[in-house]
Amino acid sequence: MTVTAGVVAVQGDVSEHAAAIERAAASHGQDAEVREIRESGIVPECDLLLLPGGESTTISRLLQREGIAPEIRDHVEADKPVLATCAGLIVLSTDANDDRVETLDLVDATVERNAFGRQKDSFEAPLSVAGLDEPFHAVFIRAPLIESVGDAEVLAAWDGRPVAVRDGPVVGTSFHPELTDDARMHDLAFFADD
């Protein structure tokens, strides 16, 4: 079986996420056809979506301008899975604490951009993640802080603060799971029900 995976490719670690999706699919005996999304019309063809990091104000502006934002909303409304990492989480949140970011209101959480610090404050940490048997080695780069959650389920926390959440078919992380060889976060987001 082949799944069609869309990676929003306006910014971020597109090839790294594509490789992680392919590894996660292979662990379930599936193939993944990864499509890069830069314009409208591709999202409706996808079984799963990934919204990488980058710069949240730019990503939100491009999603709106290219007509991708309503397609992402329809994807989630159809209960299809999404993984949103770092800036992707900010864009999908209900509140980004920044009027320049037009959020999609798909993750019931309030997020603060760059709350873990600047690039020089980047760090790595082992995280206990709900649904994973062993700790996940997380890479935090200019990571957002999840200040509060509404109906979203907290999957992982660091220093008492949420860093991974699930809201329906959407998994959002403050960290960059694509920067390791461990595809378990992609597996958790996309194939957990298999």
Judged by atom type as modelled, is there a donor-acceptor pair below 3.5 Å linking the side chain of His75 to the main-chain atoms of Pro81?
-> yes

Short question: side chain of Thr110, backbone of Asp95 - any donor-acceptor pair under 3.5 Å?
-> no

Grab the two heavy atoms, one from Ile68 and one from Ser40, that are nearest each other, plus how far apart they are.
-> CG1-N, 3.9 Å

Hey, does the side chain of Asp108 reach the backbone of Val149 with a donor-acceptor pair shorter than 3.5 angstrom?
-> no

Neighbour count above 12 (heavy atom, 6.0 Å) for Asp151 CG | no

Any Phe140 side-chain heavy atom under 4.5 Å of Glu124 side chain | no

Please name the pair of heavy atoms, one in Ala87 and one in Ser56, separated by the smallest distance, quoted to 0.1 Å.
-> CB-N, 3.9 Å

Hey, could you give me the CH2/CZ distance between Trp158 and Phe175, rounded to the nearest 0.5 Å?
-> 11.5 Å

Between Glu22 and Asp31, is there a donor-acceptor pair closer than 3.5 Å when you use the side chain of the first and the backbone of the second?
-> no

Residues in ring-ring contact (aromatic ring centres under 6.0 Å, His included) contact with His176, at least two apart in sequence or another chain | none

Separation between CD1 (Ile42) and CG (Leu49), nearest 0.5 Å, reads 10.5 Å

Decide yes or no on side chain to side chain contact (heavy atoms under 4.5 Å, CB included) for Leu179 and Ile141, but give the supporting numbers first.
-> CA-CA 10 Å; Leu179 295 180; Ile141 302 171; 3.5 Å; yes

Taking all atoms of both residues into account, what is the closest heavy-atom pair of Gly53 and Ile59, and its distance?
-> O-CD1, 3.8 Å

Does any non-hydrogen side-chain atom of Val43 lie less than 4.5 Å from one of Ile37?
-> yes

Here the gap from Asp167 atom CG to Leu92 atom CG, rounded to the nearest 0.5 Å, amounts to 10.0 Å

Distance-only donor-acceptor hits, side chain of residues 6-14, under 3.5 Å, sequence neighbours excluded:
{"from": "Gln11", "atom 1": "OE1", "to": "Glu55", "atom 2": "N", "distance (Å)": "2.5"}

Heavy-atom check, side chain of Asp182 versus side chain of His137, under 4.5 Å | no

Quick one: closest heavy-atom pair of Ala152 and Val165, and the distance?
-> CB-CB, 4.2 Å

CD1 (Ile21) and CG (Asp187) are apart, to the nearest 0.5 Å, by 11.5 Å

So do Cys86 and Pro144 actually touch side chain to side chain, heavy atoms under 4.5 Å?
-> yes

Report, as yes or no, whether the 6.0 Å neighbourhood of atom CD on Glu77 holds more than 12 heavy atoms from other residues, nucleotides or ligands.
-> no

Decide side chain to side chain contact (heavy atoms under 4.5 Å, CB included) for Val163 and Leu155; before the verdict, give the C-alpha distance in whole Å, the side-chain angles of both, and the deciding distance to 0.1 Å.
-> CA-CA 8 Å; Val163 293; Leu155 298 177; over 6 Å; no

Tell me, with the steps shown, if Arg38 and Glu36 meet salt bridge (charged side-chain N to carboxylate O under 4.0 Å, His left out).
-> CA-CA 7 Å; Arg38 291 185 182 88; Glu36 293 185 6; 2.7 Å; yes

Would you say Arg184's side chain and Ala24's backbone share a donor-acceptor pair under 3.5 angstrom?
-> no

Any side-chain heavy-atom pair from Phe191 and Val3 closer than 4.5 angstrom?
-> yes

Determine whether Leu83 and Leu51 make a side-chain contact, defined as any pair of heavy atoms from C-beta on separated by less than 4.5 Å.
-> no

Atom pair CG (Asp47) and CE (Met1), whose distance is rounded to the nearest 0.5 Å | 6.5 Å

Can you see which heavy atom on Asp98 is nearest to which on Thr57, and at what distance?
-> OD2-CG2, 4.4 Å

Can you find a pair of side-chain heavy atoms, one from Val82 and one from Val171, that are under 4.5 Å apart?
-> no

Can you find a pair of side-chain heavy atoms, one from Ile90 and one from Val101, that are under 4.5 Å apart?
-> yes

Leu50/Leu48 under side chain to side chain contact (heavy atoms under 4.5 Å, CB included): CA gap, chis, key distance, verdict = CA-CA 7 Å; Leu50 199 136; Leu48 52 94; 5.9 Å; no

Nearest heavy-atom approach of Arg73 to Thr103 is NH2-O, 3.8 Å

Side chain to side chain contact (heavy atoms under 4.5 Å, CB included) evaluation trace for Val129 with Leu188 = CA-CA 10 Å; Val129 179; Leu188 183 69; 4.0 Å; yes

Mind checking the OG1-CZ spacing from Thr4 to Arg35? Nearest 0.5 Å is all I need.
-> 7.5 Å

Crowded around Glu102 CD? As in, over 12 foreign heavy atoms under 6.0 Å?
-> no

